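Okay, structure first, notes after.
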Amino acid sequence: MRQVHPELAPRPGLSKAEMESLQRRVAETAVFEDDLSFDPASISLADSGTTTLTGDTDPPLVAGIDQSFLDDRAVSAVVVLRGGAVVERVHAVSELDLPYVPGLLSFREGGPILDALAKLDSDPDLLVFDGSGRVHFRQAGLATHLGVVYDVPSIGVAKSLLCGTPDEDVDGRPEGWQTPIRADDSVDAVGGHPATPETVIGYAFQSRQYDSRPIINPLYVSPGHRLSAETTVDVVSRLSGDYKLPEPTRLADAYADEAKAQYE
DNA sequence: GCGACAG
DNA sequence: ATCTTGTCGC
């Protein structure tokens with residue numbers, strides 16, 4: 001996978017103001033509408049090989065990315081799926097330069113993730129990140145930032161909401177439920193277009209809800225790059241298996257822990 | 001000053 | 001994110 005915009009890659013040593021201005025450039029470059037090389041409906045977790053008889057084609061390559069941490073090092077893991085089959089796994093251990101600061105996550109975790117993605121042989125059609133995409137103060141969260149660097153369709157899947165306002169109360173919703181997340185005052189304009197409450201920057205999505213106890217919180221999904229908010233939820237639902245997190249993310253999460261164990 | 005915040 | 005025992009349920 002080649003970086004189309006290496007000049008926009010998160011790099012260490014920038015001041016807070018420089019990081020924010022780089023994020024504004026990323027947001028200007030990002031495309032929040034569908035520009036895909038595959039049909040979203042072809043996304044599936046079913047193991048479907050090529051069926052010459054019907055002319056079926058292989059499902060798209062989807063990469064799940066997640067990290068685990070040791071002291072001041074990050075273990076970045078990437079798991080690539082084609083349908084429900086794992087076709088490649090890579091990981092990288094990198095030194096962390098910055099602390100976690102809300103809104104600047106891509107500068108702490110982005111570099112380490114690029115280290116892992118550089119080891120990838122396959123060329124994913126879609127990147128699924130653990131964190132926000134467009135749901136971000138400058139509409140340039142981790143998923144947007146790295147998706148733009150590679151100019152590959154990307155999605156952000158977060159377990160909590162960074163900013164924006166859900167249309168409806170998200171508590172105790174049934175499986176499959178979803179509601180738009182709209183821009184609020186904390187979300188900056190992009191491309192001369194102000195971010196108004198009409199701007200849908202993501203969706204709250206209840207991927208799972210077990211009959212029993214603890215009410216499960218919804219996922220907060222948002223476009224990273226080259227997908228609309230609507231297609232983003234659709235794709236995440238297609239990538240959902242038996243757990244709360246979409247399968248690529250869940251497998252990357254497990255692999256990050258597995259790899260981490262080798263270094264401690 | 002208050003609020004409030006991905007991983 | 002990470003530190004952690006037990007506990008409920010399929």
Side-chain angles (χ1 to χ4, degrees), chain A residues 10 16 19-20 23 26-27 30 64-78 91-116 127-147 154-166 170 175 181 183-188 195 201-205 207-225 229 232 236 241-246 249-250 252-261 263-264:
Chain A
K16 183 181 178 185
M19 292 189 273
E20 294 180 346
Q23 290 182 324
V26 166
I65 298 132
D66 193 29
Q67 298 171 302
S68 59
F69 300 86
L70 302 303
D71 298 315
D72 255 20
R73 289 173 300 168
V75 177
S76 308
V78 182
H91 76 271
V93 179
S94 324
E95 298 289 332
L96 290 164
D97 307 305
L98 305 168
Y100 164 67
V101 176
L104 299 178
L105 184 68
S106 63
F107 290 91
R108 169 179 167 81
E109 305 189 345
I113 289 174
L114 295 183
D115 292 339
L127 304 175
V128 180
F129 293 95
D130 191 36
S132 290
R134 193 181 186 184
V135 168
H136 180 272
F137 309 125
R138 287 163 292 281
Q139 301 191 49
L142 178 70
T144 299
H145 200 149
L146 301 190
S154 65
I155 282 177
V157 176
K159 294 178 288 296
S160 58
L161 190 59
L162 175 63
C163 62
T165 311
V170 305
E175 210 167 283
I181 300 296
D184 59 23
D185 292 342
S186 73
V187 180
D188 292 352
I201 55 179
Y203 276 86
F205 172 57
S207 58
R208 299 261 23 202
Q209 194 60 275
Y210 307 105
D211 301 309
S212 58
R213 279 292 168 42
I215 294 175
I216 296 181
N217 298 314
L219 291 176
Y220 296 93
V221 306
S222 59
H225 180 46
T232 297
V236 171
D242 297 328
Y243 303 85
K244 171 175 177 173
L245 293 174
T249 303
R250 191 182 70 81
D253 181 82
Y255 180 42
D257 283 340
E258 178 188 328
K260 169 184 175 176
Y263 300 89
E264 57 181 4

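Scope of the values below: all heavy atoms of this structure, side chains included, with no hydrogens, waters or symmetry mates. Every value quoted in this text rests on a predicted model; they were computed, and no experiment measured them. Here is the naming used below: chain letters follow the sequence lines, and residue numbers restart at 1 for every chain.
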I'd like to check the ring pair (Phe, Tyr, Trp, His ring centres under 6.0 Å) partners of [X]; sequence neighbours left out, ordered by chain and number.
| X | answer |
| --- | --- |
| A:Y255 | A:H91 |
| A:F205 | none |
| A:Y243 | none |
| A:H145 | A:F107 |

Base, sugar-phosphate, or nothing for A:S186, non-hydrogen atoms under 4.0 angstrom?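 Nothing: the residue A:S186, judged by heavy atoms under 4.0 Å, touches no strand.
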Whole-Å gap separating C1' (C:dA1) and CG (A:D71):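 Rounding to the nearest Å, CG of A:D71 and C1' of C:dA1 are 13 Å apart.
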In 5'-to-3' order, the base (B), backbone-only (S) or no-contact (-) status of each nucleotide in nucleotides 1-7 of chain B, using a 4.0 angstrom heavy-atom cut-off, is ----BBB
Check step by step if side-chain hydrogen bond (donor to acceptor under 3.5 Å, both in side chains) holds for A:D115 and A:S94. CA-CA 8 Å; A:D115 292 339; A:S94 324; 2.8 Å; yes
May I ask you to say whether A:D66 pairs ionically with A:R250, meaning some side-chain N is under 4.0 Å from a carboxylate O?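 Salt bridge flag = no for A:R250 with A:D66.
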Runs of at least three consecutive pairs that involve DNA chain B, where pairs are Watson-Crick or G-U with distances under 3.5 Å: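 Detected stem regions: none for this strand.
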Minimum heavy-atom distance A:A140-A:Q23, with the two atoms named: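 So the two residues come closest at CB-O, 3.3 Å.
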In the structure I gave you, are the side-chain heavy atoms of A:L98 and A:M19 within less than 4.5 Å of one another anywhere?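 A:L98 vs A:M19: side chains touch.
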